[in-house]
Amino acid sequence: MSSSVDLFKYALVLLLPAAYLATRYLRSTTPPASSPSSTVEEKPVKSIMQAPRDDLAPPKDDPFTLAQLKEFDGSELSKPIYVSIKGTVFDVSAKADVYGSGKSYNIFAGKDGSKGLGMSSLKEADAVPDYSELSDADRKVLDDWHGFFSKRYNVVGRVVDLPAVVKQEREASSENPTPAANL
């Protein structure tokens with residue numbers, strides 16, 4: 001019984017990012033409805049993923065340690081549920097059916113599980129903040145998840161005690177957000 005539950009969890013982890021990326025691809029390749037060559041009325045693509053929100057609160061910069069973050073793992077109904085990605089802390093309480101205690105993505109609740117998100121892994125050993133050894137493809141997946149969360153969940157703070165190698169990467173990327181064009 002346990003192996004079939006594990007298999008279901010792994011399938012879910014692989015299907016959700018695939019559905020998200022497929023939806024993004026379909027939206028980017030679909031011609032606009034006002035296109036003169038379009039004669040058939042096009043219907044919007046439906047997605048199982050939550051739509052971006054336009055009512056998010058301004059991001060907060062409250063400091064959290066990894067130990068403090070553990071208090072927001074969904075085990076106490078009176079507390080919000082937080083998930084951190086690349087040190088950004090998101091309030092995912094509205095999706096307690098997914099991140100709450102005993103739910104499919106609870107492994108990421110109350111911690112920074114950046115490595116596991118980048119790898120699309122639900123293994124406890126992978127739900128750690130050190131994503132420094134991820135491949136470029138896995139880093140892209142992690143960046144996509146960070147972008148996805150940024151458009152759907154309130155930012156309530158930042159993790160202040162990330163591993164040193166992750167802090168260095170974050171500082172380097174904030175200093176050089178985009179590479180300079182060669183002229």
Side-chain angles (χ1 to χ4, degrees), residues 9 12-21 23-24 27 47-132 134 137-174 177:
K9 286 181 180 179
L12 185 61
V13 166
L14 295 175
L15 288 176
L16 285 177
Y20 170 69
L21 294 173
T23 301
R24 284 183 52 194
R27 286 185 182 156
S47 171
I48 61 170
M49 301 301 276
Q50 178 182 349
R53 292 178 43 194
D54 57 5
D55 63 342
L56 294 174
K60 293 182 182 177
D61 196 33
D62 294 345
F64 286 88
T65 65
L66 291 169
Q68 289 170 322
L69 196 58
K70 288 180 184 180
E71 297 175 29
F72 303 95
D73 66 356
S75 61
E76 289 186 42
L77 297 178
S78 63
K79 290 186 177 184
I81 304 171
Y82 293 163
V83 169
S84 175
I85 303 173
K86 295 174 68 174
T88 304
V89 182
F90 298 94
D91 183 344
V92 298
S93 302
K95 295 296 284 180
D97 59 323
V98 177
Y99 296 99
S101 184
K103 303 301 179 182
S104 57
Y105 285 101
N106 181 253
I107 190 167
F108 300 114
K111 63 176 76 168
D112 186 309
S114 294
K115 180 180 178 184
L117 281 167
M119 296 171 59
S120 298
S121 170
L122 285 178
K123 293 180 182 176
E124 184 76 33
D126 293 331
V128 296
D130 185 358
Y131 59 91
S132 63
L134 289 180
D138 288 344
R139 283 176 186 252
K140 171 79 171 94
V141 171
L142 178 59
D143 289 343
D144 286 346
W145 276 118
H146 189 275
F148 177 84
F149 274 63
S150 296
K151 294 175 185 170
R152 288 158 180 85
Y153 302 109
N154 287 317
V155 174
V156 295
R158 61 185 164 74
V159 177
V160 295
D161 62 343
L162 290 171
V165 67
V166 174
K167 281 185 186 177
Q168 291 169 349
E169 284 191 30
R170 284 187 58 153
E171 290 168 3
S173 67
S174 67

Carboxylate-amine/guanidinium contact Arg139 Asp143, below 4.0 Å: no
Specify the closest pair of heavy atoms between Ser114 and Leu134, including all atoms of both residues, with the distance to one decimal. O-CD1, 4.4 Å
Does the side chain of Val166 reach to within under 4.5 Å of the side chain of Pro129, using non-hydrogen atoms? no
Looking at residues at least two apart in the chain, or sitting in another chain, which of them share a side-chain contact (heavy atoms from CB on, under 4.5 Å) with Val128? Lys115
Determine whether a donor-acceptor pair (N or O, by modelled atom type, separation under 3.5 Å) exists between the side chain of Asn154 and the backbone of Ala57. yes
Rounded to the nearest 0.5 Å, how far does CD of Gln168 lie from CG of Leu162? 12.0 Å
Less than 4.5 Å apart, side chain to side chain, heavy atoms only: is that true for Leu117 and Val141? no
Do Val155 and Phe90 make a side-chain contact, defined as non-hydrogen atoms from C-beta onward lying under 4.5 Å apart? yes
As an exercise, state the distance from CG of Leu66 to NZ of Lys70, rounded to the nearest 0.5 Å. 8.0 Å
Would you indicate whether the side-chain heavy atoms of Ile107 and Glu124 approach each other to under 4.5 Å? yes
Is Asp91 reaching over with its side chain to a backbone N or O of Ser93, donor-acceptor style, under 3.5 angstrom? yes
Side chain to side chain contact (heavy atoms under 4.5 Å, CB included) between Val92 and Phe149, worked out: CA-CA 9 Å; Val92 298; Phe149 274 63; 3.8 Å; yes
Would you mind reporting whether Tyr105 and Leu122 have side-chain heavy atoms less than 4.5 Å apart? yes
Using side-chain heavy atoms (C-beta onward) and a distance below 4.5 Å, is Ser104 in contact with Val98? yes
Could you walk me through whether Lys103 and Asp97 pass salt bridge (Lys or Arg N to Asp or Glu O under 4.0 Å), step by step? CA-CA 7 Å; Lys103 303 301 179 182; Asp97 59 323; over 6 Å; no
Once you round to the nearest 0.5 Å, how far does CG of Asp112 lie from CD1 of Ile85? 8.0 Å
Which atoms form the tightest heavy-atom contact between Ser121 and Phe108, and what is the distance? O-CZ, 3.4 Å
CA sep, side-chain torsions, deciding dist, call: Asp73, Lys111, side chain to side chain contact (heavy atoms under 4.5 Å, CB included): CA-CA 7 Å; Asp73 66 356; Lys111 63 176 76 168; over 6 Å; no
Search all heavy atoms of Ile81 against all heavy atoms of Gly100 and return the closest pair with its distance. CD1-CA, 3.8 Å
Which atom pair, heavy atoms only, marks the closest approach of Asp126 to Met119? OD2-CE, 3.7 Å
Can you name the closest pair of heavy atoms from Leu69 and Ser84 and give their distance? CD2-CB, 3.7 Å
Output all residues satisfying side-chain contact (heavy atoms from CB on, under 4.5 Å) with Lys79, sequence neighbours left out; order by chain, then residue number. Glu71, Phe72, Glu76
